[in-house]
Amino acid sequence: MANYFITSMEDPMPSAIEIAQAKRIKLFNANGQTAKIVETEYNNAHAYAQKNLGTEGKVINLYQYFQGLSYQDDPVIDRVIINQITQKSGFELRNNAAYKDNKLRLKISFLYNRLYSIDYYDRFGFLDRTDYYDQGCLSFTDFYEDKGRLVLTQYYNDNGQPIIFMHYRGGEGNSPVLTLIQLYYRDVWHNFDSEISFRAYFFDELAQNDLKAVFFADRSERTLYEFQQMHQLVPRYLIFHSSVTINGQRNGRLFGMYEGISDMLNEGSLNGLISSTNKEADDVANIFKTNHSYAIPVTYSHDVKRVPFADRSPYSLIAVARLSGEKQLDHIIRAVIKLKTKYPQLNLTFYGYEQSTIDKTTGPALHSLVNKSNAQNYIHFAGFKNDLNNIYDSAWLEILTSKYEGFAMALLEAQEHGCPAVAYNINYGPNEIITDNYTGKLVQSDDENQLVQTLDALLSHPAILADYSKNAYQEVKKYSFNNVANAWYNFELNEHLIN
């Protein structure tokens with residue numbers, strides 16, 4: 001049996017979902033099962049990302065599946081390609097650009113020290129096309145019309161023949177709209193009106209070649225509609241990585257993408273639902289009226305070297321979260337500003353993505369709040385970090401103030417490193433990871449005054465924090481590798497996926 005965990009793509013700066021997938025591969029391999037990650041978006045940085053996550057040979061990308069390119073590990077091939085193009089054209093190469101009669105005709109770009117793209121300009125200076133390269137292979141080309149609008153993208157196979165065409169037409173605001181996808185596969189042309197139908201065909205292809213396949217949707221926006229359009233009858237499950245309702249409550253309004261789940265369960269295009277906490281699994285079962293709702297932690301804890309609390313950096317607070325509105329990080333900033341006078345050594349550092357494609361205002365607003373409060377010397381934004389082990393090992397406290405969560409992986413990571421935590425007592429995650437008054441403190445959600453009071457009480461009693469730290473190392477074992485692997489095994493037994 002092969003298990004396929006579907007996402008958008010593995011990023012070199014991975015999200016919690018991609019990190020969870022990489023760990024899940026190890027769980028299934030430990031149970032003697034095959035497990036693969038499925039990407040639905042083209043990934044130019046796949047080599048770097050897979051090396052970073054340790055998923056080499058475990059990833060299937062939709063586009064690369066059909067292209068079958070023979071990647072070249074040696075970057076010398078990139079310079080050979082560049083020299084061949086410029087010499088044949090008679091252009092003069094200067095640094096990463098090429099000229100003819102002192103007019104720019106080519107612009108060369110690199111990504112992670114490999115040739116990434118070459119822009120081609122006509123004699124009037126208009127961008128004609130962009131060729132994209134992937135590990136020494138010409139992978140796809142974007143073609144533009146005279147207004148610089150994308151009209152066609154074509155992807156190549158290993159022989160340099162175009163086998164995927166994506167056609168665009170002008171839409172509102174003069175932006176390109178994808179209108180047709182063509183795939184040449186097994187000597188037949190296949191036409192798709194949308195990316196959804198294209199992805200559904202790809203999923204069917206995977207399922208047809210693996211009669212014991214099981215699909216898990218880690219990105220609902222990339223899989224739910226696709227599951228409905230599939231023809232192959234394979235088990236399909238949705239994994240929730242956040243709250244299913246907008247306010248994180250059972251009686252709250254569902255996020256739009258989840259409104260069709262009940263119908264999918266009834267029609268058989270979805271077989272079950274997996275949450276990261278017991279509370280959410282119970283709520284999900286109630287909301288969607290299903291007996292196929294399971295609680296499986298999104299990740300597992302590791303055995304790490306214990307750090308004596310006395311060796312930690314005094315009054316060092318951290319928050320590990322992307323800078324987005326639902327994380328309510330301004331609550332933490334205001335709390336620290338209020339406490340700074342009483343605790344001169346106090347400092348706070350945020351670790352997480354500065355800006356998402358969805359929320360472009362929260363990050364700048366948080367920076368502005370810090371600047372207007374003259375708090376730049378003790379409140380810092382460190383951005384995304386691949387490795388936070390030393391950070392967790394040196395912090396006195398981690399703080400979480402989200403409106404809602406699916407699990408709060410950062411809390412588990414902190415606890416496995418013996419870092420005490422203070423978190424809003426929300427659905428879902430904190431109250432199953434933190435043992436209140438034993439490994440940390442739970443605060444009434446959205447209560448900034450109680451947050452300040454709780455931090456004040458803990459900062460004034462380091463001995464309590466030292467006890468929390470010692471207890472966290474022990475309590476987090478409930479999320480051990482073996483325990484989480486057993487949770488997956490029991491799920492498979494209940495769903496008759498294994499005997």
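With contacts defined as side-chain heavy-atom distances shorter than 4.5 Å, the pair Tyr424/Glu448 qualifies. Side-chain contact between Leu455 and Leu451 is present, with heavy atoms from C-beta onward closer than 4.5 Å. At least one side-chain heavy atom of Gln67 sits under 4.5 Å from a side-chain heavy atom of Tyr42. A heavy-atom distance below 4.5 Å is not found between the side chains of Met230 and Ser269. Put simply, the side chain of Asp436 does not reach to within 4.5 Å of the side chain of Asn431, judged on heavy atoms. The side-chain heavy atoms of Thr223 and Arg199, taken from C-beta on, include no pair separated by under 4.5 Å. Between Asp78 and Tyr133, the closest side-chain pair of non-hydrogen atoms is not below 4.5 Å. Residues Ile261 and Val244 fail the side-chain proximity criterion, which asks for heavy atoms closer than 4.5 Å.
The distance from the OG atom of Ser139 to the CG atom of Asp134 is 5.0 Å, given to the nearest 0.5 Å. Atom CD1 of Ile274 is separated from atom NE2 of His241 by 9.0 Å, given to the nearest 0.5 angstrom. How far OH of Tyr201 is from CD of Glu226: 15.5 Å, rounded to the nearest 0.5 Å. Rounding to the nearest 0.5 angstrom, the gap separating the CD1 atom in Ile6 from the CD1 atom in Ile60 is 10.0 Å. Summarising the geometry, atom CG belonging to Asn377 is positioned 8.0 Å from atom NZ belonging to Lys340; distances are rounded to the nearest 0.5 Å. Here CG of Asn43 is found 7.5 Å from CD of Gln50. Values are rounded to the nearest 0.5 Å.
For Asp74, the CG atom sits in a packed shell: over 12 heavy atoms of surrounding residues, nucleotides or ligands are nearer than 6.0 Å. The number of heavy-atom neighbours closer than 6.0 Å to NZ of Lys478, taken from other residues, nucleotides and ligands shown, is above 12. Within 6.0 Å of the NZ atom in Lys23, the count of heavy atoms belonging to other residues, nucleotides or ligands exceeds 12. The local environment of CG in Asn494 is crowded, with over 12 non-hydrogen atoms from other residues, nucleotides or ligands closer than 6.0 Å. At most 12 heavy atoms of other shown residues, nucleotides or ligands fall within 6.0 angstrom of atom CG in Asp73. For Asn113, the CG atom sits in a loose shell: 12 or fewer heavy atoms of surrounding residues, nucleotides or ligands are nearer than 6.0 Å. Annotation for His461: atom NE2 does not count as buried by contact number, only 12 or fewer foreign heavy atoms lying within 6.0 Å. In this structure, Asn286 places its CG atom where more than 12 heavy-atom neighbours from other residues, nucleotides or ligands lie under 6.0 Å away.
Ring geometry, Phe381 versus Phe350: the interplanar angle falls under 30°, so the pair is classed parallel (tilted spans 30 to 60°). Below 30°, between 30° and 60°, or above 60°: for Tyr315 and Trp396 the angle between ring planes is between 30° and 60°, a tilted geometry. Ring planes of Phe407 and Tyr479: perpendicular class, angle over 60° (limits at 30 and 60°).
The pair Glu39-Arg222 does not count as a salt bridge, with every side-chain nitrogen at least 4.0 angstrom from each carboxylate oxygen. A salt bridge links Glu405 with Lys327: the closest approach of a Lys/Arg side-chain nitrogen to an acidic carboxylate oxygen falls below 4.0 angstrom.
With Glu10 contributing its side chain and Leu53 its backbone, the two residues share no donor-acceptor pair below 3.5 Å. The main-chain N or O of Pro364 is never found under 3.5 Å from a side-chain atom of Ser368 such that the two would form a donor-acceptor pair. With Ser301 contributing its side chain and Lys477 its backbone, the two residues share no donor-acceptor pair below 3.5 Å. No donor-acceptor pair closer than 3.5 Å links the side chain of Thr277 to the backbone N or O of Pro297. With Thr55 contributing its side chain and Lys58 its backbone, the two residues share no donor-acceptor pair below 3.5 Å. Glu416 places no side-chain N or O within 3.5 Å of a backbone atom of Val476 that could act as its donor or acceptor partner. Side-chain atoms of Ser275 do not come within 3.5 Å of backbone N or O of Ala295 as any donor-acceptor pair. Checking side-chain atoms of Thr439 against main-chain N and O of Ala472 turns up no donor-acceptor pair under 3.5 Å. Under a 3.5 Å cut-off, the side chain of Asn31 and the backbone N or O of Gln33 do not form any donor-acceptor pair. A donor-acceptor pair is defined here as one N or O able to donate and one able to accept, closer than 3.5 Å; no such pair exists between the side chain of Asn61 and the backbone of Tyr65.
A side chain to side chain donor-acceptor pair (under 3.5 Å) with Tyr392 is found for exactly one of Arg312, Glu413, His417, namely Glu413.
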Assess the residue pair Glu18 and Arg219 against the criterion (salt bridge (charged side-chain N to carboxylate O under 4.0 Å, His left out)); give the C-alpha distance rounded to whole Å, side-chain angles, the decisive distance to 0.1 Å, and a yes or no.
CA-CA 10 Å; Glu18 280 67 53; Arg219 296 279 186 185; 3.0 Å; yes

Any chance you could lay out the side-chain contact (heavy atoms from CB on, under 4.5 Å) test for Leu317 and Leu459, step after step, and finish with the verdict?
CA-CA 10 Å; Leu317 311 183; Leu459 292 172; 4.2 Å; yes

Could you go through Tyr404 and Thr245, starting from their C-alpha distance and side-chain angles, then the distance that decides it, and tell me whether this counts as side-chain contact (heavy atoms from CB on, under 4.5 Å)?
CA-CA 9 Å; Tyr404 54 81; Thr245 60; over 6 Å; no

Run the numbers on Glu205 and Asn209 for side chain to side chain donor-acceptor pair (under 3.5 Å), then give the verdict.
CA-CA 6 Å; Glu205 174 69 14; Asn209 293 328; 3.0 Å; yes

Step by step, would you call Glu475 with Thr435 a side chain to side chain donor-acceptor pair (under 3.5 Å)?
CA-CA 8 Å; Glu475 280 287 288; Thr435 303; 2.9 Å; yes

Check the pair Ile239, Arg24 against side-chain contact (heavy atoms from CB on, under 4.5 Å), reporting the backbone distance first and the verdict last.
CA-CA 12 Å; Ile239 300 176; Arg24 202 184 300 143; 3.7 Å; yes

Please step through side chain to side chain donor-acceptor pair (under 3.5 Å) for the pair Asn271 and Glu495, ending with a clear verdict.
CA-CA 9 Å; Asn271 295 75; Glu495 287 294 299; 5.6 Å; no

Mind running side chain to side chain donor-acceptor pair (under 3.5 Å) on Asp283 and Asn427 for me, showing each step along the way?
CA-CA 10 Å; Asp283 286 353; Asn427 292 337; 4.5 Å; no

Run Tyr473 and Val307 through side-chain contact (heavy atoms from CB on, under 4.5 Å) and show every step you take.
CA-CA 10 Å; Tyr473 281 118; Val307 177; 3.8 Å; yes

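A cation-pi geometry, defined here as NZ or CZ lying under 6.0 Å from the six-membered ring centre and within 45° of its normal, does not hold between Lys26 and Phe481.
Residues Trp488 and Tyr300 keep their aromatic ring centres 6.0 Å or farther apart. Taking the six-membered ring for Trp and the full ring otherwise, Tyr48 and His46 have centroids separated by 6.0 Å or more. Annotation: Tyr237 is in aromatic contact with Phe491 [ring centroid separation under 6.0 Å]. The six-membered or imidazole ring of Tyr116 lies near that of Tyr132, with a centre-to-centre distance under 6.0 Å. Residues Tyr155 and Phe66 keep their aromatic ring centres 6.0 Å or farther apart.
A donor atom on one side chain and an acceptor atom on the other are not found under 3.5 Å apart for Gln228 and Asp263.
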